Novice: 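Take a look at this one; I'll ask things after.
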Amino acid sequence: MNGIFEGLNEAQKQAVEHIQGASLVIAGAGSGKTRVLTCRIANLLAHNVPSHSILALTFTNKAAQEMKERIAHMVGNDVSKHLWMGTFHSIFAKILRFESAAIGFTSNYTIYDTQDSRNLISKIIADLKLDKEAYKPAAILATISNAKNNLITAPVYAQNIDLIKRDSFNKVPEIHRIYSLYNVRCKQADAMDFDDLLMYTNILFRDHPAILEKYQKKFQYILVDEYQDTNFSQYVIVKKLALPQNNVCVVGDDAQSIYSFRGAKIENILKFGKDYPHYRLFKLEQNYRSTQTIVNAANSIIKKNKNQIPKNTFSGQDIGSSLTLIEYVTDFEEGIGVAKEIQLLVDTNNCRYQDIAILYRTNAQSRILEEALNKLRIPCKIFGGTAFFQRKEIKDILSYVRVCVNPKDEEAITRIINYPMRGIGQTTVDKIRFLALKANCTVWEVILNIEHAHELLNKGTINKIQNFRTMILEFQNDLPHTDAYSLMNRIIEKTGIYQELKADSSLEGKGRFDNMQELLNGVKDFVEQEEENIALTDYLEKIALLTDIDIENDAHNKVTLMTVHSAKGLEFEHCFLVGLEENLFPSQMSMNSEKSIEEERRLFYVALTRAKKSAYLTFALSRRKWGNHTSSVMSRFVKDIDSSYIQQKQGNSLDSFSRAKSQFSNFSRKKMADSQNQATIGLRNFKKTTQKKPIILNFEADNPQDIREKTWVLHAKFGKGFVQTITGEFPESTAVIDFENEGQKRLLLKFAKLKQIEL
DNA sequence: CACATACGCGAAACG
DNA sequence: CGCGTATGTG
Ligand SMILES: Nc1ncnc2c1ncn2[C@@H]1O[C@H](COP(=O)(O)OP(=O)(O)OP(=O)(O)O)[C@@H](O)[C@H]1O
């Protein structure tokens, strides 16, 4: 087992060697904390600690997986596969499934994503008849999330005078009622949001000492990565679980704490010694990742922050090349300029696209960069943003799966009850929700007894709901005999989703169809890969808890585009930090407090320390924001860097002539687009006036029930048309009519004023 | 009930 | 600019 200590420096060795008691590993950027964690776990295993007694909490699933692979390499897969390794959310989601009964959930509980939560909040605001202007769902959700991360339950919130005062002051005094109702509805739906996963873990451990003790005994050794970005809820979980032995090892870098917006408390790492007075401190200070220039430049900036754990991160590598600073006139030119620099790097430095990353502050910046790279035919992959699983077509299909597993899942069921359209419209859904509210039950329970609702709903509607119910019940009956893949196949086929997406031949329609295929392929892989009895809930849980960088982007030699936040923990040969402008990086929202400026500075530190060999810093003097130009100045963070590390480069991605031309052409293109719009609008109006005028003749419409298929009709606006088919029973019957000038239309017969004509 | 178009309003970062 | 929703129309 000598291999464990191979390739470790002295500080790393120490951190790996001392496995008993509480340890704090302060790991400067690029100092090899991943290596320390891996080797420490290997060392635990070498000391005959069973792998299932080790709990290692990482920041992303990908990090967990990579670490698991490395450990598997050292000790073999048979041992490593029993390690409890994953993000807080995925580990405790598993435990909560197991212990669900103790907290009033089933083991099939749903995990709501942010969109689900926001929708639910909106409904609650409507139900409570609160002012929609004052109560913004996203803001309310943030407040609730914040409360949960600090373990303030709804009843505690309602009794906290300070919080109530604050909300009154902010003209949202009813938040505590929303919070309380939100919890009730979630529980009724057998659903938890992301914060609930941690909150209910705490409630579980608080109210069930026997269960807590079971896990305390189980997890003999606990390791936490990225400890500087844990929140209070996570902190309490670790603290409780570690008792009584306190074999807890946390690893982190206070200079890289960048998630306070979601409740992370840098104090957790700063005050580690308070909870564990006898802790050992290990400092990893040698940076193996980057050149001296990069490390020193990064240090020169982070030293402006107060309240740090003192450490001296240094690089043992060469001095390396200077940071390249480039000013561009516009964001568009910045994109093109960066693309050109990338091509230059690849052509002259013998590096690959995959060694290069473009890092930005906000996802909104990715588009213009992507367009520039495409223009120069540089392959790239974008992480984050609106993820695959948030797309409408994907969420719709997954909602069916969710409903099959947990029909109480209100958000999923209201999504699919009329998708694909089956004539159950908004009013019907409102009525069902009204009944559910009145009976204090779920929408699904109303649907199960929909026959009782005959005085509220007409027969046709009840019939449609019954059909929907039958279909869902059939899917559910299949559950015991099918896997996720076959179920999903049946769903898209039976519901008509497959046919509907296939029929749409528009460009976006094709995209949606491809996405559906991709979803199915993914499910297939999952079903084939995972071991024995994988339940559907496992699949749903896995995709609910994916992080942005977990999502497999068909890799292979592409430039990486991501936010600085996502880049945490990663490294690239060459990094481009773009959009380094005041009000963007640092963000406008951070301007009013020194504390948040410090966090932005840490974020900048993280960004810069991702680079191994070279870093480019770029900014643009003018940037489009919400469609119009805003001018900007260089970020203060660039100024903060000791100028001896920086070399300026001219950013004329376009010479002045072509800039003028491009601006002109941009300008004129815009103008043209506008005038083209005008033109088409004009044309449309023109069409209307010239074609419709003679057609809007006064004619006596026939009784809609007399219209027959395969006959010619006259329509007040659309003119002459041939009735292809008529479907449904009056008054809901619709006709598909091919109009000579207007193309095919579907019309509701009871509204369409049609007259049968002879040709 | 479904679809089209109009309009208003808002963007930080993430599991 | 781009999304979600309010509004109108058949
Ligand atoms: N003892 C060592 N000798 C040589 N290289 C090392 C050593 N330890 C770590 N490295 C290398 O240093 C690089 C950075 O390691 P790692 O990703 O673990 O850094 P980190 O501490 O997580 O940094 P950050 O906190 O900035 O993400 C890796 O490429 C790793 O292979």
Side-chain angles (χ1 to χ4, degrees), chain A residues 59-61 86-90 92-93 111-115 117-119 122 132-133 136-139 142 145 149 192-198 229 231 234 258-264 360-365 367-368 383-387 389-390 392 418 421-429 460-461 464 541 543-550 562-568 579 583-591 596 599-600 602-603 606-607 624-629 670 673 681 684 701 704 715-718 728 731-735 737 745-754:
Chain A
F59 201 72
T60 64
N61 297 299
T87 62
F88 273 90
H89 288 94
S90 46
F92 293 107
I111 298 171
Y112 275 174
D113 65 22
T114 322
Q115 209 183 341
S117 301
R118 221 181 299 129
N119 291 341
S122 300
K132 272 188 290 188
E133 296 302 306
K136 299 261 160 53
S145 164
N149 286 331
M192 294 193 209
D193 66 21
F194 293 126
D195 307 309
D196 284 335
L197 294 172
L198 305 175
D229 276 323
N231 62 33
Q234 293 166 323
I258 55 174
Y259 278 95
S260 73
F261 73 89
R262 67 178 208 211
Y360 36 79
R361 180 66 180 82
T362 68
N363 279 308
Q365 293 165 256
R367 189 186 212 128
I368 195 158
F383 290 80
T386 304
F389 291 100
Q390 316 275 358
K392 183 189 176 315
N418 197 33
M421 279 185 293
R422 47 177 75 90
I424 305 174
Q426 196 53 56
T427 36
T428 308
V429 174
T461 312
K464 289 172 196 159
E541 179 179 300
I543 57 179
L545 299 179
L546 282 178
T547 69
D548 273 349
I549 71 156
D550 296 331
M562 58 170 66
T563 62
V564 181
H565 281 91
S566 305
K568 177 160 103 151
N583 295 323
L584 182 58
F585 198 171
S587 148
Q588 181 139 36
M589 323 293 265
S590 68
M591 292 297 180
S596 37
E599 177 147 319
E600 295 282 311
R602 292 193 292 268
L603 190 58
V606 169
R624 285 186 95 117
K625 214 176 193 179
W626 287 348
N628 26 21
H629 296 280
K670 180 156 172 40
I681 290 166
R684 233 179 276 151
H715 182 277
K717 273 194 188 165
F718 302 143
E732 265 109 52
S733 53
T734 58
I737 304 175
K745 303 255 181 223
R746 232 185 99 166
L747 303 176
L748 213 52
L749 277 175
K750 70 173 160 182
F751 288 127
K753 294 179 190 66
L754 297 172

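What you see is a predicted model; the values in this text were computed from it and never measured. Residue numbers start from 1 in every chain, and the chains themselves are labelled A, B, ... in the order their sequence lines are given, proteins ahead of strands.
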Novice: Give a yes or no on whether a donor-acceptor pair under 3.5 Å exists between the nucleobase atoms of dG15(B), that is its base, and the side chain of D195(A).
Specialist: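 Such a pair is found, so the answer is yes.
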Novice: Using a heavy-atom cut-off of under 4.0 Å over every strand shown, decide if R118(A) touches base, sugar-phosphate, or nothing.
Specialist: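 No contact.
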Novice: Side chains of S590(A) and S587(A): do they bring a donor and an acceptor to under 3.5 Å?
Specialist: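 Side chains of S590(A) and S587(A): no pair found under 3.5 Å.
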Novice: Taking CD1 from I258(A) and P from dC14(B), how many angstroms apart are they, rounded to a whole number?
Specialist: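 In whole Å, dC14(B) P and I258(A) CD1 are 9 Å from each other.
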Novice: Select from G423(A) and W626(A) the residue whose nearest nucleotide in DNA chain B is closer to the 5' end of that strand.
Specialist: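 The answer here is G423(A).
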Novice: Please give the distance between the C1' atoms of dT5(C) and dA12(B) as a whole number of Å.
Specialist: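 Those two atoms are separated by 24 Å.
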Novice: A364(A) has a side chain; which of dA11(B), dC3(B), dG15(B) sits nearest to it?
Specialist: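 Within the option list, the nearest is dA11(B).
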Novice: Provide the distance between the two P atoms, one in dA6(C) and one in dA11(B), to the nearest whole Å.
Specialist: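 The answer is 16 Å between these two P atoms.
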Novice: Let's see if you can work this out: which of dG10(B), dC14(B), dG15(B) has an atom nearest to the side-chain heavy atoms of N363(A)?
Specialist: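 Nearest to the side chain of N363(A) among the choices is dC14(B).
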Novice: For F261(A) and dA13(B), are the ring centres under 5.5 Å apart with planes inclined under 30°?
Specialist: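 Yes; by the centre-distance and plane-angle rule, F261(A) counts as stacking on dA13(B).
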Novice: For the pair F59(A) and Y259(A), name the ring-plane relationship: parallel under 30°, tilted 30 to 60°, perpendicular over 60°.
Specialist: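 F59(A) and Y259(A): tilted rings.
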Novice: Are side-chain N/O atoms of T362(A) and Q365(A) paired as donor and acceptor at under 3.5 Å?
Specialist: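 Q365(A) and T362(A) do have a side-chain donor-acceptor pair below 3.5 Å.
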